Undergrad: 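The structure under discussion is supplied below as structure tokens; questions concerning it will follow.
In what follows, chains are A, B, ... by sequence order, proteins preceding strands, each numbered from 1. Please read all numbers here as calculations on a predicted model, not as lab measurements.
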There are 2 protein chains.
Amino acid sequence: MDEQQLSRTFAALADPTRRDLVARLAVGDATLTELASSYDVSVQAVSKHLKVLEGAGLVRRTKDAQRRPCHLEAEVLDLMTGWIERRRREAEERYQRLDDVLARMAADEAADSDPAPRTREGEAS
Amino acid sequence: MDEQQLSRTFAALADPTRRDLVARLAVGDATLTELASSYDVSVQAVSKHLKVLEGAGLVRRTKDAQRRPCHLEAEVLDLMTGWIERRRREAEERYQRLDDVLARMAADEAADSDPAPRTREGEAS
DNA sequence: CTCTTTGTCAACCGCAAGGTTGAATAAGCG
DNA sequence: CGCTTATTCAACCTTGCGGTTGACAAAGAG
């Protein structure tokens, strides 16, 4: 059910401006106008970006008079790295399994039953 | 300059179907129809998804007769984790710095009754 | 050669993303 | 109080995404 959370977080970081905002906030909190001054888009656009980051749980906006300092909520990033590392590990395991190599050879043999030159099934020439 | 690469990779994984495809391919290579059978969308839609993943460098399609096995290129994932971990570390460092706590206190004080609101570290690094 | 399997290409649709401008709200400042 | 600053809300526009259907290419299988 945190699939949505994952989607939102990945989508949030898919935008270069938003990534830059996160990078900027990783260093220190900042307000909208402070942040917006770094980009050539309107303040409203940056506000929207921040709202997206907020929706992804990556940013929390606190209240201070009429300005609203943004704070990076870095723990959410662990959700992503968790997901990624899992796939990474699975792929690694698979790569190292002997069964896999054998299965690959069998599959090749089934595909074209000739004495094939075995490197990897990849580059067809 | 691999900003684009990052954007493409994050965007690719922002879609739940695509994430599932990656998860599926992390376990083992598969063809289009094999993969498509798991989802309730058309084969063409899945093909598009694979093309996106391919564009992000996450998948490589090899040729085998009329079918095209898909293989996960897991190293690209490291690009993301690299970026993420960097921000994570920066945020962590910042959190642990004493200066930061002091600045926070000063900022709080500034909010209440303040003569010198210039305590925030700007865009130094 | 014909038929079936596997996958791609092309055109189209609905919708949300990212951007704009313009007006509105909220809170310190003179 | 009225003005300025900081932020948001609302309407609108253009693009791209994820999906569809329909036609087409390529390569085994009969």
Undergrad: Could you give the CZ-to-P distance, from R68(B) to dA26(D), as a whole number of Å?
TA: 10 Å

Undergrad: Closest approach to the side chain of Q44(A), judged atom by atom: which nucleotide of dT21(D), dA23(C), dT6(C) is it?
TA: dA23(C)

Undergrad: Taking the side chain as every heavy atom from C-beta outward, state whether R19(A) and L6(B) have any pair of such atoms under 4.5 Å apart.
TA: yes

Undergrad: In whole Å, what is the span from the CG atom of D64(A) to the P atom of dT5(D)?
TA: 17 Å

Undergrad: How close or far is atom C1' of dA26(D) from atom CG of L32(B), stated in whole angstroms?
TA: 15 Å

Undergrad: Rounded off to whole Å, could you give me the OH-to-P distance for the Y39(A) and dG19(C) pair?
TA: 11 Å

Undergrad: Could you tell me whether the side chain of L25(A) reaches within less than 4.5 Å of the side chain of H71(A), counting heavy atoms only?
TA: no

Undergrad: With a non-hydrogen cut-off below 4.0 angstrom, is S42(A) in contact with a base, only sugar-phosphate, or nothing?
TA: base

Undergrad: Starting at CG of L35(A) and ending at C1' of dT5(D), how long is that distance when rounded to a whole Å?
TA: 16 Å

Undergrad: Rounded to whole angstroms, how far apart are CZ on R67(A) and C1' on dA27(C)?
TA: 9 Å

Undergrad: Looking only at heavy atoms, which two atoms of R18(A) and A12(A) are closest? And how far apart?
TA: NE-O, 2.9 Å

Undergrad: Within residues 10-20 of chain A, find the residues that approach DNA chain C with a heavy atom at under 4.0 Å, and present them sorted by residue number.
TA: D15(A), R18(A)

Undergrad: How many Å lie between CG on L53(B) and C1' on dC17(D), as a whole number?
TA: 14 Å

Undergrad: The side chain of V41(B) is closest to which nucleotide in this list: dG19(D), dT21(C), dT7(D)?
TA: dG19(D)

Undergrad: Quick one: do E73(A) and V59(A) satisfy side chain to side chain contact (heavy atoms under 4.5 Å, CB included)? Show the steps, please.
TA: CA-CA 5 Å; E73(A) 218 67 72; V59(A) 158; over 6 Å; no

Undergrad: From CD of Q66(A) over to C1' of dA27(C), roughly how many Å is that when rounded to an integer?
TA: 5 Å

Undergrad: How would you label the contact of K48(B) with the nucleic acid (heavy atoms, under 4.0 Å): base, sugar-phosphate, or nothing?
TA: base

Undergrad: Counting only side-chain heavy atoms from C-beta out, which of dC9(D), dG18(D), dT7(D) sits nearest to H49(B)?
TA: dG18(D)

Undergrad: Could you please name the option among dT6(C), dG19(D), dT8(C) that lies closest to any side-chain atom of A45(B)?
TA: dG19(D)

Undergrad: At their closest point, which heavy atom of E85(B) faces which heavy atom of T81(A), and how far apart are they?
TA: OE2-CG2, 3.4 Å

Undergrad: Quick check on R89(A): does its CZ atom have over 12 non-hydrogen neighbours (other residues, nucleotides or ligands) under 6.0 Å away?
TA: yes

Undergrad: Below the 4.0 Å mark, does dG7(C) have OP1 or OP2 next to a side-chain nitrogen or oxygen of S47(B)?
TA: no

Undergrad: 5'-most contact on DNA chain C: K63(A) or R61(B), nearest heavy atom basis?
TA: R61(B)

Undergrad: To the nearest 0.5 angstrom, please state how far the CE atom of M80(B) sits from the CD atom of Q5(B).
TA: 9.5 Å

Undergrad: Is T33(A) near enough to dT5(D) that one of its side-chain N or O atoms lies under 4.0 angstrom from OP1 or OP2?
TA: no

